[in-house]
Amino acid sequence: MPRHLLRLLGLNALAGAGAAVVLVALLVAFDAHGLGTLMARSETPLLPLAVLTFGFIVTLSSVAMGAAVMLLPRGDSEPRGTAKVPVGELVPVRVAARAKRR
């Protein structure tokens with residue numbers, strides 16, 4: 001894989017991680033659905049915060065990298081992996097069906 005592509009994916013992963021950290025901070029700061037209060041009253045408030053942050057980082061970094069890959073320009077004008085099927089008229093086809101026994 002070319003270096004510039006790896007650099008691009010790494011930057012997108014960092015952007016996703018940054019967005020995840022900001023989102024978790026906003027969720028806790030604004031006490032969305034009592035999340036901040038629940039963490040503050042916990043015996044170990046850093047553990048749920050770390051788990052939540054890690055989950056958001058993994059998810060949003062993956063989304064950012066996936067979007068970067070899908071938005072890459074293609075070098076060829078012909079789509080790859082598609083079957084060359086000629087387009088024609090639709091023709092009805094009769095199919096024999098058996099009646100179900102009860």
Side-chain angles (χ1 to χ4, degrees):
M1 198 177 283
R3 284 186 176 205
H4 68 281
L5 182 59
L6 290 174
R7 193 174 308 125
L8 174 71
L9 292 177
L11 291 175
N12 280 289
L14 284 176
V21 170
V22 168
L23 185 60
V24 168
L26 289 173
L27 285 173
V28 173
F30 286 110
D31 198 24
H33 296 282
L35 191 61
T37 305
L38 187 63
M39 284 185 191
R41 291 182 182 170
S42 172
E43 291 180 13
T44 56
L46 292 180
L47 181 63
L49 181 65
V51 170
L52 183 67
T53 305
F54 178 75
F56 270 73
I57 287 174
V58 168
T59 303
L60 293 182
S61 294
S62 300
V63 167
M65 287 189 327
V69 168
M70 289 183 218
L71 291 174
L72 285 173
R74 296 181 70 160
D76 56 347
S77 60
E78 191 72 27
R80 290 179 277 174
T82 58
K84 307 287 188 226
V85 178
V87 178
E89 288 186 36
L90 296 177
V91 179
V93 178
R94 292 192 181 267
V95 178
R98 294 184 203 161
K100 289 186 180 181
R101 295 182 187 178
R102 290 186 182 206

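Numbers here simply count residues along the sequence, with the first being 1.
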Without placing hydrogens or testing angles, list every side-chain donor-acceptor pair under 3.5 Å for residues 11-32, not counting sequence neighbours.
| from | atom 1 | to | atom 2 | distance (Å) |
| --- | --- | --- | --- | --- |
| Asn12 | ND2 | Leu8 | O | 2.8 |
| Asp31 | OD1 | Leu35 | N | 3.3 |
| Asp31 | OD1 | Gly36 | N | 2.8 |
| Asp31 | OD1 | Thr37 | N | 2.9 |
| Asp31 | OD1 | Thr37 | OG1 | 3.3 |
| Asp31 | OD2 | Thr37 | OG1 | 2.7 |

Closer than 3.5 angstrom, by distance alone: can the side chain of Ser42 be matched with the main-chain N or O of Thr44 as a donor-acceptor pair?
yes
Minimum heavy-atom separation for Met39 to Leu52, with atom names?
CE-CD2, 3.6 Å
